[in-house]
Amino acid sequence: MRAPLTAILRSLATAILLIAALAAPARADENIRIQEEIWALPLPLPMFAYLVRPVGDGPFPLVIMNHGVSMNPTDRSFFPLVEFRDAAKWFAKRGYLVVAPVGTGYGAAAIDIPERAIYGPFFSKVGKCTNPNFHDAGLAVAQVDLWIIDYMTAEKRIIPKDVIVVGQSAGGWASIALSSVNPPQVKAIITFAAGRGGRVGGKPNNNCAPDKLVEATADFGRTSRVPMLWIYIENDTFFGPDLSQRMHAAFTAAGGRAEYHLMPPFGNDGHFFIGSPDAIPLWSPLVTKFLDAQK
């Protein structure tokens with residue numbers, strides 16, 4: 001008889017946890033020792049996750065970090081197992097347990113061979129630009145966040161009412177979507193370069209149906225009441241200042257609570273701001289002030 005998938009994943013997660021704890025503990029910094037781990041999460045859609053946390057048994061407040069999206073299966077196949085490592089460690093050094101899931105359809109699971117009817121389990125497409133479904137694409141990833149919160153709560157690893165969600169690009173868009181359902185465990189959300197449909201055809205500042213993106217943002221704002229911090233960069237070639245400001249205006253006019261910050265140009269493309277360790281001194285004061293205000 002074959003072992004249930006959940007049991008297999010739990011065994012794999014335990015083995016990886018032991019290896020990570022022994023082989024790669026992070027050095028102490030700011031008087032808080034942290035350790036990095038790789039988990040296999042037995043969610044309804046199983047996935048791996050990078051996890052970094054203070055040394056100790058906890059429970060800890062939780063940070064979930066949502067990554068962006070690529071519509072190209074080849075690009076997804078090279079997606080790193082650990083993304084935003086430096087940003088995640090910054091949160092861990094503030095006492096958070098950080099979970100950064102790698103979505104289904106990334107890494108080894110990013111396989112599309114249409115001529116053989118083989119498709120990887122990728123669920124973040126928005127459809128054609130003539131009629132994109134930005135709304136459901138955001139909520140699909142938001143559901144993963146809810147599964148993670150439930151799982152980590154059941155494992156008694158986290159403080160259930162003390163959850164922060166952070167997202168970049170499509171992961172930021174999913175975080176905005178999550179805010180629209182107002183999960184009681186989530187006390188604040190932070191987004192970096194949030195949006196969908198950027199750089200159509202690989203062309204800078206070429207967006208898929210920007211008016212519909214603004215409309216979808218307003219839809220989320222009508223029910224969203226979670227405090228949010230939105231950070232954008234002037235030289236973002238996916239979601240430039242004009243579009244991000246329109247999104248924010250629509251969101252807040254509809255009733256959403258979001259603090260907007262447009263930061264100076266960074267690197268060759270500010271869209272990838274959060275992925276750089278050099279950016280931490282730039283965004284950390286904003287994030288610290290915002291999180292302190294939620295206490």
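Computation of the quantities below employed the complete heavy-atom set of this structure, encompassing side-chain atoms and omitting hydrogens, waters and symmetry-equivalent molecules. A quick note: this is a predicted structure, and the numbers were derived from the prediction, not measured.
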Stepwise side-chain contact (heavy atoms from CB on, under 4.5 Å) test for Met263 and Leu282: CA-CA 9 Å; Met263 305 200 70; Leu282 303 178; 4.1 Å; yes
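- In this structure a side-chain-to-backbone donor-acceptor pair under 3.5 Å is missing from Tyr232 to Gln245.
- Leu51 is listed as a side-chain neighbour of Met152, based on a closest heavy-atom distance under 4.5 Å.
- The distance from atom CZ of Arg246 to atom CD of Glu215, rounded to the nearest 0.5 Å, is 9.0 Å.
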If you apply the rule side-chain contact (heavy atoms from CB on, under 4.5 Å), what do you find for Asp162 with Leu62, and how did you get there? CA-CA 6 Å; Asp162 199 356; Leu62 172 67; over 6 Å; no
Checking Leu41 against Val99 for the side-chain contact (heavy atoms from CB on, under 4.5 Å) test, could you report, in this order, the C-alpha distance in whole Å, the side-chain angles of both residues, the deciding distance, and whether it holds? CA-CA 10 Å; Leu41 299 175; Val99 177; 4.3 Å; yes
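- Counting heavy atoms from C-beta outward, Lys161 and Pro184 have side chains that approach closer than 4.5 Å.
- Using modelled atom types, no side-chain atom of Gln143 and backbone atom of Leu139 make a donor-acceptor pair closer than 3.5 Å.
- What you find for Pro265 and Asn235 is that their closest heavy atoms are CA-OD1, 3.2 Å.
- Using a 4.5 Å heavy-atom cutoff, the side chains of Asp236 and Ser244 are not in contact.
- Applying the salt bridge (Lys or Arg N to Asp or Glu O under 4.0 Å) criterion to Asp269, with sequence neighbours excluded, gives Arg199.
- Side-chain contact check for Met247 versus Leu213: some heavy-atom pair is nearer than 4.5 Å.
- Taken from CE in Met47 to CD1 in Ile148, the straight-line distance is 6.5 Å, to the nearest 0.5 Å.
- To the nearest 0.5 Å, atom CG of residue Asp150 and atom CD of residue Glu155 are 12.0 Å apart.
- The two residues Asn207 and Val200 come nearest to each other via the heavy atoms C-CG2, 3.8 Å.
- Tested against Trp230 for a ring pair (Phe, Tyr, Trp, His ring centres under 6.0 Å), the candidates Trp283, Trp173, Phe251 yield a single pass: Phe251.
- Between Ile274 and Val166, some side-chain heavy-atom pair lies under the 4.5 Å cut-off.
- The number of heavy-atom neighbours closer than 6.0 Å to CG of Asp292, taken from other residues, nucleotides and ligands shown, is above 12.
- Remark: side-chain polar atoms of Ser276 are not paired, donor with acceptor, to backbone N or O of Phe273 under 3.5 angstrom.
- The two residues Pro210 and Leu243 make their nearest non-hydrogen contact at CB-CD1, 3.9 Å.
- For the atom pair Phe220 CZ and Met228 CE, the distance stands at 10.0 Å (nearest 0.5 Å).
- The backbone N or O of Gly256 sits nowhere less than 3.5 Å from a side-chain atom of Ser224 that would complete a donor-acceptor pair.
- No salt bridge links Arg53 with Glu36; every basic N to acidic carboxylate O contact stays at or beyond 4.0 Å.
- Leu229 has its side chain out of reach of Ile189: every pair of non-hydrogen atoms, C-beta onward, lies at least 4.5 Å apart.
- Note: the hydrophobic cluster containing Ile159 does not contain Trp147 (ILVMFWY, side chain heavy atoms under 4.5 Å, direct or indirect links).
- Contact of the Leu146 side chain with the Val144 side chain is not registered, since no non-hydrogen atoms from C-beta on lie closer than 4.5 Å.
- A pairwise comparison of heavy atoms in Pro160 and Val163 identifies O-CG2, 3.8 Å as the closest pair.
- Residues satisfying the salt bridge (Lys or Arg N to Asp or Glu O under 4.0 Å) test with Arg257, not counting sequence neighbours, are none.
- Between the Asn66 side chain and the Ala174 main chain, no donor and acceptor come within less than 3.5 Å of each other.
- In this structure the side chain of Ile64 never reaches within 4.5 angstrom of the side chain of Ile164, judged on heavy atoms.
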Worked verdict on Ile280 versus Asp86 for side-chain contact (heavy atoms from CB on, under 4.5 Å): CA-CA 8 Å; Ile280 292 177; Asp86 294 285; 3.8 Å; yes
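- A salt bridge does not link Asp136 to Arg196: none of the charged nitrogens lies less than 4.0 Å from a carboxylate oxygen.
- In summary, the side chains of Thr237 and His271 do not present any donor paired with an acceptor at a separation below 3.5 Å, with no hydrogens or angles considered.
- Ring-plane geometry between Phe272 and Phe238 is classed as perpendicular, the angle between the planes exceeding 60 degrees on a 0 to 90 degree scale with a lower cut at 30.
- Annotation for Phe239 and Gly195: closest pair CZ-C, 3.1 Å, computed over non-hydrogen atoms.
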Evaluate Tyr50 against Trp39 for ring-ring contact (aromatic ring centres under 6.0 Å, His included), listing each step before the verdict. CA-CA 6 Å; Tyr50 168 68; Trp39 282 37; over 10 Å; no
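- In this pair, His248 and Tyr260 present their aromatic rings tilted. The plane angle is within the 30 to 60° band.
- Closest non-hydrogen pair, Val98 versus Ala92, comes out as CG2-N, 3.9 Å.
- Atom CD of Glu259 and atom CD1 of Ile190 lie 10.0 Å apart (nearest 0.5 Å).
- Ionic pairing of Arg157 and Asp57 is not present here: no N-O contact between side-chain nitrogen and carboxylate oxygen is shorter than 4.0 angstrom.
- Both Ile32 and Tyr96 are part of a single hydrophobic cluster, where members link through side-chain heavy atoms under 4.5 Å apart.
- Remark: the backbone N or O of Arg225 is paired with a side-chain donor or acceptor of Asn182 at under 3.5 angstrom.
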